[in-house]
2 protein chains.
Amino acid sequence: MEQILPHLDSVFSIDCVLFGFDGKELKILLIERNEEPFKDWWALPGNIVGSDESLDQSAARILYELTGLRGIYMEQYYAFGDPGRHPQGRVITLAYYALIRLGGDKDLRPVSTYAKQANWLPITALPKLAFDHQKIYDKGLEKIKRRIKHQPIAFELLPEKFTLTQLQHVYELVLGKTLDKRNFRKKIVSFGVLKELDEKQKGVSYRAATLYRFDKRKYAKLFGKEISF
Amino acid sequence: MEQILPHLDSVFSIDCVLFGFDGKELKILLIERNEEPFKDWWALPGNIVGSDESLDQSAARILYELTGLRGIYMEQYYAFGDPGRHPQGRVITLAYYALIRLGGDKDLRPVSTYAKQANWLPITALPKLAFDHQKIYDKGLEKIKRRIKHQPIAFELLPEKFTLTQLQHVYELVLGKTLDKRNFRKKIVSFGVLKELDEKQKGVSYRAATLYRFDKRKYAKLFGKEISF
DNA sequence: AATATAGTGTGTATTTTTTACACTAAGTAA
DNA sequence: TTACTTAGTGTAAAAAATACACACTATATT
């Protein structure tokens with residue numbers, strides 16, 4: 001988002017693609033703009049980088065202001081700076097993606113005045129986006145597709161305790177293809193970063209699945225080894 | 001590089017890690033600063049982004065000013081913006097790497113006044129670098145290590161016609177490990193992006209090797225398929 | 001002409017990884 | 001007790017990765 005346009009040569013902002021998973025769908029958080037340009041359009045949340053904060057801090061602040069969440073996994077992935085990308089002047093923006101597990105829509109905080117509303121929208125049915133935000137989103141999705149194959153980031157979209165089926169579901173949604181159940185389980189277990197718990201899924205009307213947890217200590221020991229899907 | 005510091009809230013620059021290969025070693029281009037801060041230190045070449053140029057254009061211009069070269073493969077890879085990274089104020093910098101084949105040091109142009117000299121230095125013996133440029137370089141090397149495994153970028157470091165041994169040499173230098181000759185050739189040929197020429201290496205005092213060329217058309221046909229080393 | 005030198009170019013067997021594929025077990029609800 | 005729904009498991013075949021050594025060829029040297 002780039003509403004504040006002081007008369008400087010250039011403005012430096014951060015835009016965020018916040019991916020959320022509610023157990024069913026992969027969604028991103030969009031805000032409906034209440035100001036020109038692109039009034040009434042949907043846009044990625046973003047803001048100007050403060051003068052005393054690091055880039056990562058700035059991204060975390062933007063996310064916090066919108067969702068009230070802290071400690072979320074975020075990663076910088078690309079800078080967009082075409083001279084024409086903002087109709088009112090030069091705005092260079094740095095894109096971050098974040099991965100968030102959604103427990104209902106309660107995560108949403110009141111939103112600042114420049115937005116009418118903020119909403120989690122499924123990535124399978126996104127509206128037209130303001131500015132070059134479609135490009136920013138596309139590149140973000142591409143990045144997490146690539147990264148989920150090599151880094152243990154899928155867990156960031158799930159609750160602390162999860163079933164293997166849920167984990168597979170995340171992979172399938174991000175990669176955009178179905179995976180074989182037996183092969184998936186074989187592989188994910190062979191990485192040795194999961195801890196099997198003495199606990200079962202609850203509240204389901206069928207056989208309850210075993211719960212697992214991502215084991216950071218085991219993962220730390222693998223340092224250097226490549227994970228690959 | 002960040003010499004110009006107008007009294008703005010923040011300054012936005014680009015720094016470049018220019019990787020060059022001379023047939024023997026992998027080198028990067030560094031400049032020796034002639035101004036405070038970090039006077040007499042070696043630093044990555046860089047400059048302020050102009051108000052009417054895109055980020056890629058800006059990076060290309062910086063490279064051109066220093067080397068006289070155009071049409072070089074460059075890629076943006078990370079933004080560095082810690083509040084303390086520049087002693088005189090807030091400077092956010094976007095890092096690019098470039099891959100260049102060196103044909104002797106003739107590529108070097110006269111250098112602007114803020115630098116005493118510019119030099120290609122082997123990456124195996126780099127001096128201490130100004131600002132946070134060591135961090136920027138480290139991340140750049142990491143990036144090309146990763147990218148050379150999946151994208152056909154090694155050719156950018158070689159002349160148009162090259163031998164398989166030269167190509168292997170590039171991979172070994174970038175990856176920092178030796179590769180098996182037979183397996184390397186088997187694999188690289190199986191990708192199907194090389195065109196074998198009716199031409200041999202010249203001027204060597206031993207059996208001349210066959211020359212190859214990177215075949216962009218064949219590569220275009222592979223779109224979507226993953227290359228992997 | 002013979003020899004030394006230095007890098008080119010090639011094949012196969014073994015191991016590891018990836019893929020394809022289908023049924024039984026367990027728990028809940030009616 | 002039966003129907004329903006998802007959990008959980010193994011094996012065989014194919015593909016990919018690895019390990020490994022020697023003969024060939026062009027030139028330079030004597």
Could you give the [atom1]-to-[atom2] distance, from [X] to [N], as a whole number of Å?
X        : N      : atom1 : atom2 : answer
B:Ile188 : C:dT10 : CD1   : C1'   : 17 Å
A:Gln168 : D:dG8  : CD    : C1'   : 12 Å
A:Phe184 : C:dT17 : CZ    : P     : 18 Å
B:Leu164 : C:dT10 : CG    : P     : 9 Å
A:Ile227 : C:dT17 : CD1   : P     : 14 Å
B:His169 : C:dT8  : NE2   : P     : 12 Å
B:Tyr206 : D:dT27 : OH    : P     : 12 Å
A:Leu197 : D:dA7  : CG    : C1'   : 16 Å

Pair A:Lys27 + A:Asp22, salt bridge at N-O below 4.0 Å: yes

Geometric class of the B:Phe191/B:Phe229 ring pair [parallel <30°, tilted 30-60°, perpendicular >60°]: perpendicular

[N] phosphate, OP1 or OP2: any side-chain N/O from [X] under 4.0 angstrom?
X        : N     : result
A:Ser205 : D:dC4 : no
B:Arg185 : C:dG9 : yes
A:Thr165 : D:dT6 : no

Short side-chain donor-acceptor distance under 3.5 Å, A:Ser54 and B:Asp82: no

DNA chain D: 5'-proximal contact among B:Ser228 and A:Thr163 (nearest heavy atom): A:Thr163

Picking from [options], which would you name as closest to the side chain of [X]?
X        : options                : value
A:Lys181 : D:dG8, D:dT6, D:dT11   : D:dG8
B:Lys186 : C:dA20, D:dT18, C:dA26 : D:dT18
A:Asn183 : D:dC20, D:dG10, D:dG8  : D:dG10
B:Arg182 : C:dT8, D:dT9, D:dA21   : D:dA21

B:Arg207 (side chain) and C:dT8 (base): donor-acceptor pair under 3.5 Å: yes

Any residue meeting side chain to side chain donor-acceptor pair (under 3.5 Å) with A:Glu172, in chain and number order, not counting sequence neighbours: A:Gln168

Sugar-phosphate only, base, or nothing, as touched by A:Lys187 at under 4.0 Å among non-hydrogen atoms: sugar-phosphate

Residue whose closest nucleotide on DNA chain C lies nearer the 5' end, A:Asp180 versus A:Lys200: A:Asp180

Centroid-centroid under 6.0 Å between A:Tyr171 and A:Phe184 rings: yes

